[in-house]
2 protein chains.
Amino acid sequence: MSNTELKKAGLKTTLPRLRILQLLESSKTRHMSAEEIYKTLLELDEDVGLATVYRVLTQFETAGIVIRHHFQSSSGTAVFELNERSHHDHLLCTDCGKVIEFEDKIIEERQQAIAKQYGFDITDHCLYLYGRCQHPENCEHNK
Amino acid sequence: MSNTELKKAGLKTTLPRLRILQLLESSKTRHMSAEEIYKTLLELDEDVGLATVYRVLTQFETAGIVIRHHFQSSSGTAVFELNERSHHDHLLCTDCGKVIEFEDKIIEERQQAIAKQYGFDITDHCLYLYGRCQHPENCEHNK
DNA sequence: CTACGTGCAAACGGTTTGCAATTCC
DNA sequence: GGAATTGCAAACCGTTTGCACGTAG
């Protein structure tokens with residue numbers, strides 16, 4: 001199944017690619033950094049190189065399998081999420097790291113309207129809301 | 001004048017700080033990277049160290065004098081803008097680098113509503129719209 | 001068989017930091 | 001004069017790349 005997805009993307013089925021895709025599909029944490037993916041795979045006794053993880057993630061990104069985010073909170077480290085659901089934006093707790101995904105039609109519409117007003121053709125956008133959730137104590141490991 | 005602003009922020013008036021603040025105030029380009037600021041000052045025969053530029057910008061940021069942005073387009077390089085106007089978001093042309101600032105009450109309201117719905121207290125947010133403007137040819141150096 | 005993918009180690013680029021010299025008040 | 005600030009060079013850290021080896025089809 002992960003296999004078919006790779007083929008569909010024009011990527012040869014290789015062990016590292018399969019492992020990374022499967023990890024992303026099975027992980028509780030929807031947003032992982034390259035480093036996290038790398039370490040998790042090592043713990044599972046799958047030996048991949050960190051460079052490969054980066055290469056594969058970049059390929060996944062251009063194939064549309066994955067989305068790369070640069071959250072301000074995580075000091076420059078990119079995180080990746082499977083691009084399986086419909087478009088959504090993010091709400092991030094700066095205290096506990098919790099990430100909530102949401103969709104808002106009104107905001108999307110306004111973005112289009114604004115773009116039109118300035119003669120822009122939007123290809124991409126990102127909206128990150130940073131704040132504190134009310135109960136950070138019970139979501140310390142909920143990233 | 002820039003002087004008072006530094007004092008107000010609790011920062012000792014030093015040459016590098018004054019130069020950087022004045023440059024940001026006088027520059028046509030509202031969004032500049034540390035490197036750009038550094039080079040511009042060198043051209044003006046003000047000798048500052050790049051490290052100082054970074055340090056000062058960080059101090060300015062925590063003092064609220066400046067806002068730091070990480071536009072996806074500029075491959076990891078942060079850009080800084082004076083925090084003088086009211087809050088605004090950004091529309092960025094990926095072809096010519098043009099940056100348009102806009103304000104939208106409806107989007108702001110929706111953000112608050114969404115935050116409330118999830119029990120979040122928003123401290124900060126960023127909304128970047130990436131796209132292509134209709135006439136990129138005449139704004140090549142309009143960053 | 002051969003092109004493509006991988007692991008490793010070294011390079012990269014933006015940013016930060018330790019330290020001795022300098023500047024501000 | 002003494003604390004704060006600077007410039008320089010070296011460290012840093014996430015990411016990318018060159019290259020010799022390995023693997024999928």
Side-chain angles (χ1 to χ4, degrees), chain A residues 2-23 31-42 44-63 65-80, chain B residues 2-23 31-42 44-63 65-80:
Chain A
S2 305
N3 204 315
T4 4
E5 224 177 320
L6 289 177
K7 293 236 167 94
K8 206 167 42 178
L11 295 168
K12 208 187 261 182
T13 310
T14 65
L15 244 128
R17 289 187 186 149
L18 271 176
R19 293 298 177 242
I20 294 172
L21 185 49
Q22 287 167 347
L23 174 55
H31 303 83
M32 302 182 79
S33 67
E35 191 82 32
E36 280 166 1
I37 292 172
Y38 171 65
K39 286 190 178 153
T40 308
L41 288 179
L42 285 196
L44 298 173
D45 280 321
E46 311 284 353
D47 61 331
V48 238
L50 180 53
T52 302
V53 174
Y54 276 106
R55 275 187 290 234
V56 169
L57 286 170
T58 304
Q59 292 156 356
F60 283 5
E61 187 189 17
T62 56
I65 296 176
V66 128
I67 298 173
R68 183 191 305 250
H69 291 287
H70 292 275
F71 297 147
Q72 313 213 180
S73 17
S74 24
S75 71
T77 318
V79 297
F80 300 82
Chain B
S2 305
N3 203 314
T4 4
E5 223 176 322
L6 288 177
K7 292 234 168 92
K8 207 167 43 180
L11 294 169
K12 205 189 264 183
T13 311
T14 66
L15 243 128
R17 297 216 259 240
L18 270 176
R19 294 299 177 240
I20 293 171
L21 186 49
Q22 287 167 348
L23 174 55
H31 303 81
M32 301 183 78
S33 67
E35 191 83 32
E36 280 165 0
I37 292 172
Y38 170 65
K39 285 190 181 156
T40 308
L41 289 178
L42 284 196
L44 298 172
D45 281 322
E46 311 284 353
D47 60 329
V48 239
L50 180 54
T52 302
V53 174
Y54 276 107
R55 275 187 290 233
V56 168
L57 286 170
T58 304
Q59 291 156 357
F60 283 6
E61 187 189 16
T62 56
I65 296 175
V66 128
I67 298 172
R68 185 191 303 250
H69 291 287
H70 291 276
F71 297 148
Q72 312 212 190
S73 17
S74 23
S75 68
T77 317
V79 297
F80 301 82

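Just so it is clear: chains get the letters A, B, ... in the order the sequence lines come, proteins before strands, and each one is counted from 1.
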> Rounded to the nearest Å, what distance is computed from the CD1 atom of residue B/I37 to the C1' atom of nucleotide C/dG14?
Replying inline: 14 Å
>> Can you measure B/L18 atom CG to C/dC24 atom C1' for me and round it to whole angstrom units?
In response: 12 Å
> What nucleic acid atoms does A/T13 come within less than 4.0 Å of, heavy atoms only: base, sugar-phosphate, or nothing?
Replying inline: sugar-phosphate
> Between C/dT6, C/dG14, C/dT16, which nucleotide gets closest to the side-chain atoms of B/A51?
Replying inline: C/dT16
> Any idea which of D/dT6, C/dT15, C/dT6 is nearest the A/T52 side chain?
Replying inline: C/dT6
> If you pin B/G49 and B/K12 to their nearest nucleotides in DNA chain D, which one's is more 5'?
Replying inline: B/K12
> Has the side chain of A/R55 got a donor or acceptor that lies under 3.5 Å from a partner of the other kind on the base of D/dG18?
Replying inline: yes
>> In whole Å, I'd like the distance from the CG atom of A/L11 to the P atom of C/dA3.
In response: 19 Å
> Whole Å only: how far is the CG atom of B/L50 from the P atom of C/dT15?
Replying inline: 9 Å
> Between C/dC8 atom P and A/L42 atom CG, what is the distance in whole Å?
Replying inline: 9 Å
> Is there a side-chain contact (heavy atoms from CB on, under 4.5 Å) between A/R55 and A/T52 once you walk through the steps?
Replying inline: CA-CA 5 Å; A/R55 275 187 290 234; A/T52 302; 3.9 Å; yes
>> Does A/R68 form a side-chain contact (heavy atoms from CB on, under 4.5 Å) with A/T58? I'd like the steps, not just the answer.
In response: CA-CA 9 Å; A/R68 183 191 305 250; A/T58 304; 3.3 Å; yes
> Nearest-Å distance, NE2 (B/H70) to P (C/dG13)?
Replying inline: 19 Å
>> Pick the closest DNA chain C nucleotide for A/V48 and for B/G76 by heavy atoms, then say which residue is nearer the 5' end.
In response: A/V48
> Are the side chain of B/R17 and the backbone N or O of B/V56 linked by a donor-acceptor pair below 3.5 Å?
Replying inline: no
> NA contact type, A/R17, heavy-atom cut-off 4.0 Å: base, sugar-phosphate, or nothing?
Replying inline: sugar-phosphate
> When you look at A/F60 and A/L6, which way does the side-chain contact (heavy atoms from CB on, under 4.5 Å) test go after all the steps?
Replying inline: CA-CA 9 Å; A/F60 283 5; A/L6 289 177; 3.6 Å; yes
> C/dT16 phosphate, OP1 or OP2: any side-chain N/O from B/Y54 under 4.0 angstrom?
Replying inline: no
> DNA chain C: B/K7 or B/T77, which has the more 5' nearest nucleotide?
Replying inline: B/T77
> Within this structure, what is the CG-to-C1' distance between B/L15 and D/dT6, rounded to whole angstrom?
Replying inline: 11 Å
> Just to confirm, is there a sub-4.0 Å distance from OP1 or OP2 of D/dT5 to any side-chain nitrogen or oxygen of B/T14?
Replying inline: no
> Looking at C/dG7, D/dT6, D/dT15, which one has an atom nearest to any side-chain atom of B/P16?
Replying inline: D/dT6
>> For a side-chain contact (heavy atoms from CB on, under 4.5 Å) check, start with the C-alpha distance between A/L23 and A/E46, then their side-chain angles and the critical distance, and finish with the verdict.
In response: CA-CA 11 Å; A/L23 174 55; A/E46 311 284 353; over 6 Å; no
> In whole angstrom, what separates B/L57's CG from D/dT5's C1'?
Replying inline: 15 Å
